[in-house]
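Numbering of ligands and ligand atoms starts at 1, following listing order.
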Amino acid sequence: MCGIIGYTGNRKSVPILLEGLKTLEYRGYDSAGISVTDDQSVTTVKAKGRLSVLENKLNASEELTATCGIGHTRWATHGEPSDINSHPHSAEHLTLVHNGIIENYAEIGEMLRGVGYTFVSETDTERAAKLLDMFYAKSHDPLEAIFSACRVIRGSYAFGIMFNDRPEVIYSIRKDSPLIVAHESGNGSFIASDIPAILKYTRSYYRLEEGVVAQISKDGVVFYNSEMEPVSQTLEEVDWDVEQAQKGGYPHFMLKEIHEEPEALRKTLEPRIKDGLPHFGIEQLDGEFLAHFTGIHIVACGTAYHAGLIGKAIIEKLARVPVNVEIASEFRYRDPILRPNDLVILLSQSGETADTLAALRHAKAQGIYTLAIVNVIGSSVAREADSVLYTWAGPEIAVASTKAYSVQCSLLYLLALRMTLANRTLEEETVRRICDSMLTKIPSVIAETLKLNDQIYGYAKQIVNAEHVFYIGRDMDWALCTEGSLKLKEISYIHSEAYAAGELKHGTISLITDGIPVIALTTVSKVCEKTVSGIREVKSRGALVIAFAARELAEKYEIPHDELLIIPEIDELLMPFPAVTVLQLLAYHVSALKGLDVDKPRNLAKSVTVE
Ligand code: AGP
């Protein structure tokens, strides 16, 4: 989604704005722009395309020395990507940038036309700018104008605003879309959509609360509530540095983040296993409160949804509690049946996915207990859920989620194990043994799996020119196949589908012809024989079968294959962890072999903050 940066201080703002926008590129965009102001004049430069286009425009014009400015990378929603639709947008008294979607922008536009305003762009943001301008023209009070405008606006927003007659001051307010505020004494103050944009200058920041206005100047930051009274915000510290947020020597963030999985899992699991048992430090998740949940809904999008499928399998297998896994964008519109003793779990790496946030709010409105499993500290989903379990995977920059998926699964495993204790469906000794294996074996088995990189690279070379790739498996393997297929699709642009192996004969097998690659997963013993039958069916129709199998099953069954990779051994229950790393590496290498933008695939954004 869009990226916002603002700076006011003692230094030229243009280089700071451009550098900040570069760290936000991962959010996905199709145009960019900046506005800088000194005295009463504002200069705006904006352009469709990558940041390099904007930079060229800036270099071609007279150097801008202003020390206050705002910048924006736009992911088009209202109005196609174009120079004129790019942000910042201006009105007579002000200039602003916006991340989010204003749902009632058409009504606002009509009302404004009625009082003489005209528009040059198709964007909802320009209408917000002129709405704010209308209020400011009356009151000449920034706070009053901002709160008045926000009472009219419906939708999501994070605004960065500069009023022409208040040079060197930037105002911000947000709802649904994320925004952080920071000040570094001696340098100046910042607003940004995300932390990497300010990391070069400071590690302390405020996550702006919804409905609070931030007023930043070179001397500091001040916050006001809707009563226009000064309020405080919590100062947070970043516990990772620019280096960590960069590639660390890997060619792509995605490969770095796959290699970070062992550490991410260690960091996420260690604090949650005490005296050998799952321990969340949240009363409701440690006491008998868990035992009263008779149904669970896991709600998420994309990769997080696929982690939910693993969560369903493991919670039902161990805790014997029925689990329904829902795509967040469908959840609230289908008026789901939620009962008082249900638990709704929201899975989200970014914690800002609009569909997931909306699903959370829907569940809460129904009085249902909500648990968020989120990677970004202090994000909207994390803050609004009744409880939150953070996955301490560190920043995940690549659009394709990898380590976040693995740590989400690990917490779902721990939750399942904690529920077995509450429901007495497993002996405590068994729970201890599984917890111990998770802590001691998962990181090391993934490290082992990463050593198979070259073998997996070889498979990638065999499918790099494929038009279609199918993934088949049963039980947990099928859930893993859905994630493997999405990984391949989203970064290599090869069409792919995941199929329950038993479903092939009900239609899909008609698509299997000579040379069609089929990735077959066999790690679940109880269904392996049936899966092998399915593999035999596709192999006999000419498929190129690349099988990933548990050693014991490869030895017990004759798995038809053109290529066979033995997944490093761990308890069968924990096989999803090394297995998904194989699938992630396969997708990564195919994309890299095609020379594609692995970390920033076309049309995709790291955090989909619009519905
Ligand atoms: C994952 O590889 C995709 N980029 C995408 O499906 C992502 O998982 C989805 O948008 C959900 O994002 P979230 O986890 O931040 O909510």
Side-chain angles (χ1 to χ4, degrees), residues 1 25-28 75 156 176-178 193-194 252-255 257-258 261 264 298-311 325-331 344-361 370-385 388-391 393-409 411-412 479-480 482-493 496 498 580-581 583-588 590-591 596-611:
M1 292 305 87
E25 283 190 287
Y26 73 85
R27 297 169 64 83
W75 194 71
S156 57
D176 294 345
S177 297
S193 296
D194 200 357
H252 300 100
F253 279 114
M254 183 178 174
L255 187 60
E257 287 151 11
I258 293 170
E261 284 174 0
I298 299 178
V299 186
C301 302
T303 285
Y305 169 77
H306 296 147
L309 296 175
I310 294 288
V325 188
E326 293 254 12
I327 291 172
S329 54
E330 292 290 312
F331 180 69
V344 171
I345 300 175
L346 297 307
L347 294 181
S348 178
Q349 189 286 129
S350 65
E352 298 298 348
T353 300
D355 290 320
T356 309
L357 186 57
L360 163 65
R361 290 173 175 167
T370 54
L371 166 64
I373 295 182
V374 175
N375 194 44
V376 176
I377 317 290
S379 54
S380 302
V381 170
R383 295 167 85 153
E384 295 192 24
V388 56
L389 284 176
Y390 283 118
T391 53
E396 186 176 74
I397 306 296
V399 165
S401 185
T402 51
K403 62 178 180 175
Y405 170 92
S406 301
V407 292
Q408 283 167 0
C409 291
L411 285 188
L412 290 165
L480 289 163
T482 59
E483 177 52 16
S485 172
L486 174 62
K487 285 279 97 46
L488 185 72
K489 270 183 277 202
E490 67 173 326
I491 63 174
S492 75
Y493 314 150
S496 166
V580 77
T581 302
L583 300 176
Q584 293 164 347
L585 283 173
L586 179 66
Y588 168 77
V590 175
S591 179
L596 297 173
D597 192 345
V598 175
D599 289 331
K600 297 193 287 291
R602 67 186 180 203
N603 306 341
L604 287 177
K606 181 60 184 171
S607 177
V608 185
T609 55
V610 293
E611 287 191 38

N or O contact, E490 vs ligand 1, cut-off under 3.5 Å | yes

Nearest non-hydrogen protein atom, atom 16 (O) of ligand 1 | T353 OG1, 2.5 Å

Indicate whether the side chain of T303 and that of E483 have a donor and an acceptor atom separated by less than 3.5 Å.
-> yes

So which bit of K487 gets within less than 4.0 Å of ligand 1, heavy atoms only: side chain, backbone, both or neither?
-> side chain

Student check: side-chain heavy atoms of K606 and Q349 closer than 4.5 Å = yes

Which of the atoms of ligand 1 are close to A400, meaning less than 4.0 Å from one of its heavy atoms?
-> 2 (O)

Atom 6 (O) of ligand 1: which protein heavy atom is closest, and how many Å away?
-> G302 CA, 3.2 Å

For ligand 1, indicate whether the residue T303 contacts it via side chain, backbone, both or neither (heavy-atom separation under 4.0 Å).
-> both

Test: R361 and E384 ion pair at under 4.0 Å = yes

Separation between CD of E326 and SG of C301, rounded to the nearest 0.5 Å | 11.5 Å

Side chains of D599 and I397: closer than 4.5 Å at any heavy-atom pair?
-> no

Minimum side-chain heavy-atom gap T402-M254 below 4.5 Å = yes

Which residue supplies the protein heavy atom nearest to atom 14 (O) of ligand 1, what is that atom called, and how far is it?
-> Q349 N, 2.7 Å

Atom 11 (C) of ligand 1: nearest protein contact (heavy atom, Å) | C301 O, 3.5 Å

Donor on one side chain, acceptor on other, S496 and K487, under 3.5 Å = no

Which residue owns the protein heavy atom closest to atom 10 (O) of ligand 1, what's the atom, and how far is it?
-> V608 CG2, 4.0 Å

Do any N/O atoms on V399 end up under 3.5 angstrom from N/O atoms on ligand 1?
-> yes

What do you reckon, does S607 put a non-hydrogen atom under 4.0 Å from ligand 1?
-> no

Side-chain contact, heavy-atom cut-off 4.5 Å: R602 with D597?
-> no

Going by the atom numbers of ligand 1, which of them fall below 4.0 Å from some non-hydrogen atom of S401?
-> 1 (C), 2 (O)

